Peer 1: 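Dropping the structure in here first, questions after.
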Amino acid sequence: MVLVSTSAVTRDYDRKAELTAFDETKTGVKGLVDAGVTEVPQIFRLPSPQNQNSDQELNLPTIDLEGINEDPIRRKEVIEQVKDALESWGFFQMVNHGIPISMLEEMTKGVVGFHEQDNEVKKKWYTRDQSGRRRVVYNSNFDLYSAPVTNWRDSFLCTMFPDPPQPEELPSPCRDIMLEYSRQVMKLGSCILKLISEALGLDPNHLLDMGCAEGLAVLGHYYPPCPQPELTIGTNDHTDNDFITILLQDHVGGLKIFYQNQWTDVRPIPGALVLNAGDLLQLVTNDKFVSSRHKVMANKVGPRVSVASFFMNYPKNPTKTLKVLEPIKELLSEDNPAKYRGTTLKEYVDYYRAKGLDGTSALLHFKI
């Protein structure tokens, strides 16, 4: 495969043909790096070079979850911290979250193992089928044909709940750890959703009863080292299409959040996990909690590996996907009317995927 590089004449550049050629290799960005690419191909190029540095040095809130289930006073303090973080940042880091560091390391190794296995084995998992029929979806850029710029990233996605896969349905390099890690993340996510419910002044089970933790999709991202990182991006500026995301990131870094009109780094803390509010949480809380824009920089160092766990209402019963998501009535008043129309998870996700990661929020489409 020959991908157009910088020195090529732009008028001869056929983006669709280049995307198709890249897609058909089924080896993703890692395949390019393995082939010894020294220039970023045209499909990955941003309109203008990225500033690799942060606009400002601010520290994302870090919340210590130690003792929240034993000490009511500590729990109240943490609920207040969660409220403050989600109202302003839409993000926070968590320590003492209950998942052992050894398990986090094992999960990261599992993602590396998947992406670095033999290409012919890995290609068997490659697909662009987003219907939900495939238990594991591996590809490079879910929005390859709709996004304005191809991202320097390969990913695989596994739907882990509500119907956990059989071990043989998962790739062997991450099979056992994926099942165990998902169980632990589901437990942690349910705990956090209770804290968020209380932060909203609601019953602790309110968001769980709405189905916010019925479904869990786990994405294993692999960002290969990039020869010209300033010319491309690991993941475009975007917001998440879920209720909450729990992110495990390795030591390499590169995640940035848009906060107070500037980009700021999320520095990796060993053993910590990052939590952020997704679009669906912003919708049901009527903008009380924010789904913040974020992106991942390309890097000369790598690979960077991250594991993103998305909490959505993927119910076992397909008819329940038609459940309407709308601002929670208890949060509305004459002074704070609904800002969004009702939508279903399917309508929201279909719109989000068709739009791609283009730097705009899908929420705008659902504003009243």
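Here the structure is a predicted model, which means the values were calculated and not measured.
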Peer 1: Supply the atom-to-atom distance L325 CG to F243 CZ, rounded to the nearest 0.5 angstrom.
Peer 2: 5.0 Å
Peer 1: In a check of side chain to side chain contact (heavy atoms under 4.5 Å, CB included) between I192 and each of L65, L207, I68, I63, which one passes?
Peer 2: L65
Peer 1: Does a donor on one side chain sit under 3.5 Å from an acceptor on the other, for Q249 and R304?
Peer 2: yes
Peer 1: Could you tell me if S146 and D143 have a donor-acceptor pair between their side chains, going purely by distance under 3.5 Å?
Peer 2: no
Peer 1: Can you find a heavy atom in the side chain of I233 that is under 4.5 Å from one in the side chain of M297?
Peer 2: yes
Peer 1: Taking atom CG as the centre, does N59 end up with more than 12 heavy-atom neighbours from other residues, nucleotides or ligands that are less than 6.0 angstrom away?
Peer 2: no
Peer 1: Below 4.0 angstrom, N of the basic side chain to O of the carboxylate: do D350 and R353 qualify?
Peer 2: no
Peer 1: Charged N to carboxylate O under 4.0 angstrom, R341 versus E347?
Peer 2: yes
Peer 1: For the aromatic rings, using the six-membered ring if either is Trp, is the centroid distance between H294 and F91 under 6.0 Å?
Peer 2: yes
Peer 1: In terms of side-chain heavy atoms, does Y351 have a donor or acceptor partner in N241 at a distance below 3.5 Å?
Peer 2: no
Peer 1: Does the distance from a Lys or Arg side-chain N to an Asp or Glu carboxylate O, for K367 and D287, drop under 4.0 Å?
Peer 2: yes
Peer 1: May I ask you to check whether Y348 and H365 place their ring centres under 6.0 Å from each other?
Peer 2: no
Peer 1: Would you call D237-K256 a salt bridge at under 4.0 Å N-O?
Peer 2: no
Peer 1: Between R15 and E18, is there a side-chain N and carboxylate O pair less than 4.0 Å apart?
Peer 2: no
Peer 1: Please tell me whether Y138 and F114 form a close aromatic pair, meaning their ring centres lie under 6.0 Å apart.
Peer 2: yes
Peer 1: Would you say that more than 12 heavy atoms from the other residues, nucleotides or ligands in this model lie under 6.0 Å from the NZ of K123, or not?
Peer 2: yes
Peer 1: Distance only, no hydrogens: is a donor on one side chain within 3.5 Å (strictly under) of an acceptor on the other, for R293 and T239?
Peer 2: no
Peer 1: Ion pair present between K83 and E198, side-chain N to carboxylate O less than 4.0 angstrom?
Peer 2: no
Peer 1: Is there a donor-acceptor contact under 3.5 Å from the side chain of H115 to the main chain of G220?
Peer 2: yes
Peer 1: Check the pair S140 / D154 against side chain to side chain donor-acceptor pair (under 3.5 Å), numbers first and verdict last.
Peer 2: CA-CA 4 Å; S140 186; D154 301 328; 2.9 Å; yes
Peer 1: Any side-chain to backbone donor/acceptor pair from R134 onto D129? Under 3.5 Å, distance only.
Peer 2: no
Peer 1: Salt-bridge test for R75 and D71: reply yes if a basic N is under 4.0 Å from a carboxylate O, no otherwise.
Peer 2: no
Peer 1: Between the side chains of H221 and S155, is a donor N or O closer than 3.5 angstrom to an acceptor N or O?
Peer 2: yes
